[in-house]
Amino acid sequence: MTGSGIGRTVLRIVGPLAPSIVIVVAAWWLALEAFGISPLVGKRPPQVWEYLTSSEAHREAVFGALGITIRDAAIGFASGMIAATAVAVMFVLFRTVEQTFMPVAMLLRSVPLVVMTPLITLIFGRDLVGVAVIGGIVVFFPALVNIAFGLRSASPQATDLIMAYGGNRLTVLRKVAVPTAMPSVFASARISVPASIIGALIAEWLATGQGIGAEILRAIGGFRYDEVWADIVVVTAVSILAYAVVGVVESLVLARFSDRP
């Protein structure tokens, strides 16, 4: 893909975000006004903007915590996607693995993560390993279902052709199933980006005591609602931006696959 093509792709993905952001901000403001929420508690967009721009200390508090949350979310996203991809491949290659593991996975998925977090913290600790497990769980299950479905969507005709020429299941997986599953992989990634941030916030609320999640709790306890709303706004903005980045990467990668002879 040429540079102009990449630019058009980025514009096509990012362009619609501008009106969406305007709509969200307007809805936020109008909802607070419609329900009569006091400005002392429900901060309007100008108040949040003033908080972030009026003091370097305010920006350091918010964006310093945001950096930790981004790190935690990236760890959870990577661990969940890698684990989901590996398990999905095992499901496709070995049907008995799926029959054995899937009921267990669905049983674990039915347990609220908030209930599991104390046990996860006890086993894996409050450091990055615990964060990876908590964030990975949020990402893992939706990604597993999507990726496994994508891998099974390979063309039967292409599969039969490879097998007829002496290929095995690994060859089918590499030559047919993986390229076919790429849209499902990126769909899982798009879903997992905001989910990984939620997982990071849960880990910070209940385990690590760091990042935006912990700062929100401390700010609420100290009646610092300007900081609470600023934290919410910046973490939401990062989630939207990360979603857009995944969309751009998806378009570029799928275009590269479609360009192959």
Side-chain angles (χ1 to χ4, degrees), residues 57-90 101 104-148 185-222 227-228 230-247 249-250:
H58 293 168
R59 290 192 294 274
E60 289 179 357
V62 172
F63 291 103
L66 178 65
I68 296 174
T69 298
I70 292 174
R71 179 203 66 189
D72 294 343
I75 292 171
F77 176 81
S79 59
M81 287 295 294
I82 291 171
T85 302
V87 173
V89 169
M90 295 295 292
F101 181 80
V104 177
M106 292 300 101
L107 179 63
L108 292 175
R109 183 66 182 90
S110 66
V111 179
L113 183 58
V114 174
V115 176
M116 296 173 60
T117 299
L119 180 60
I120 294 171
T121 303
L122 182 64
I123 296 173
F124 297 101
R126 299 177 181 271
D127 55 9
L128 294 182
V129 176
V131 170
V133 174
I134 295 171
I137 288 174
V138 176
V139 171
F140 175 79
F141 293 100
L144 173 62
V145 173
N146 280 334
I147 296 173
V185 172
F186 279 107
S188 300
R190 289 198 306 271
I191 295 171
S192 299
V193 163
S196 66
I197 293 178
I198 293 173
L201 294 176
I202 292 174
E204 291 163 358
W205 285 332
L206 302 177
T208 68
Q210 300 177 332
I212 289 285
E215 286 300 319
I216 288 175
L217 291 182
R218 284 192 283 266
I220 291 174
E227 183 178 347
V228 172
D231 287 335
I232 294 171
V233 168
V234 296
V235 79
T236 302
V238 167
S239 180
I240 294 171
L241 178 61
Y243 184 92
V245 169
V246 172
V249 174
E250 175 185 11

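Counting begins at 1 with the first residue of the sequence.
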So, taking the atom named CD1 in I147 and the one named CE in M81, what distance separates them when rounded to the nearest 0.5 Å?
4.5 Å
Could you pull out the closest heavy-atom pair between R71 and Q210, with the gap in Å?
NH2-OE1, 4.0 Å
First locate atom CZ of F140, then atom OG of S188, and finally report the distance between them rounded to the nearest 0.5 Å.
11.5 Å
For P194 versus S239, what's the shortest heavy-atom pair and its separation?
CB-OG, 3.5 Å
Could you measure the distance from the OG1 atom of T208 to the CD1 atom of I134? Nearest 0.5 Å is fine.
8.0 Å
Indicate yes or no: at least one non-hydrogen side-chain atom of D72 is less than 4.5 angstrom from one of L128.
yes
Beyond-backbone contact of V235 with I197, side-chain heavy atoms, under 4.5 angstrom
yes
Distance-minimising heavy-atom pair for I120 and G130:
CG2-O, 4.3 Å
Apply side chain to side chain contact (heavy atoms under 4.5 Å, CB included) to E215 and T69, showing your working.
CA-CA 10 Å; E215 286 300 319; T69 298; over 6 Å; no
Atom of V129, atom of F124 and distance for their closest heavy-atom approach
CG1-CD2, 3.9 Å
Report yes or no: does T117 contribute a side-chain atom to a donor-acceptor pair with the main-chain N or O of L206 at less than 3.5 Å?
no
Which atom of F77 lies closest to which atom of A189, heavy atoms considered:
CE1-O, 3.7 Å
Would you tabulate the side-chain donor-acceptor contacts of residues 59-66 under 3.5 Å, counting partners in other chains and residues two or more places apart, or write 'none'?
| from | atom 1 | to | atom 2 | distance (Å) |
| --- | --- | --- | --- | --- |
| R59 | NH1 | L52 | O | 2.9 |
| R59 | NH1 | T53 | O | 3.4 |
| R59 | NH2 | E56 | OE1 | 2.6 |

Rounded to the nearest 0.5 Å, the CG atom of L201 sits from the CD1 atom of I232 at a distance of 10.0 Å
Minimum heavy-atom separation for V139 to S192, with atom names?
CG1-OG, 3.3 Å
What's the spacing between M116 CE and I123 CD1 if we round to 0.5 Å?
9.0 Å
Measure the OH-CD1 distance between Y243 and I240 for me, rounded to the nearest 0.5 Å.
11.0 Å
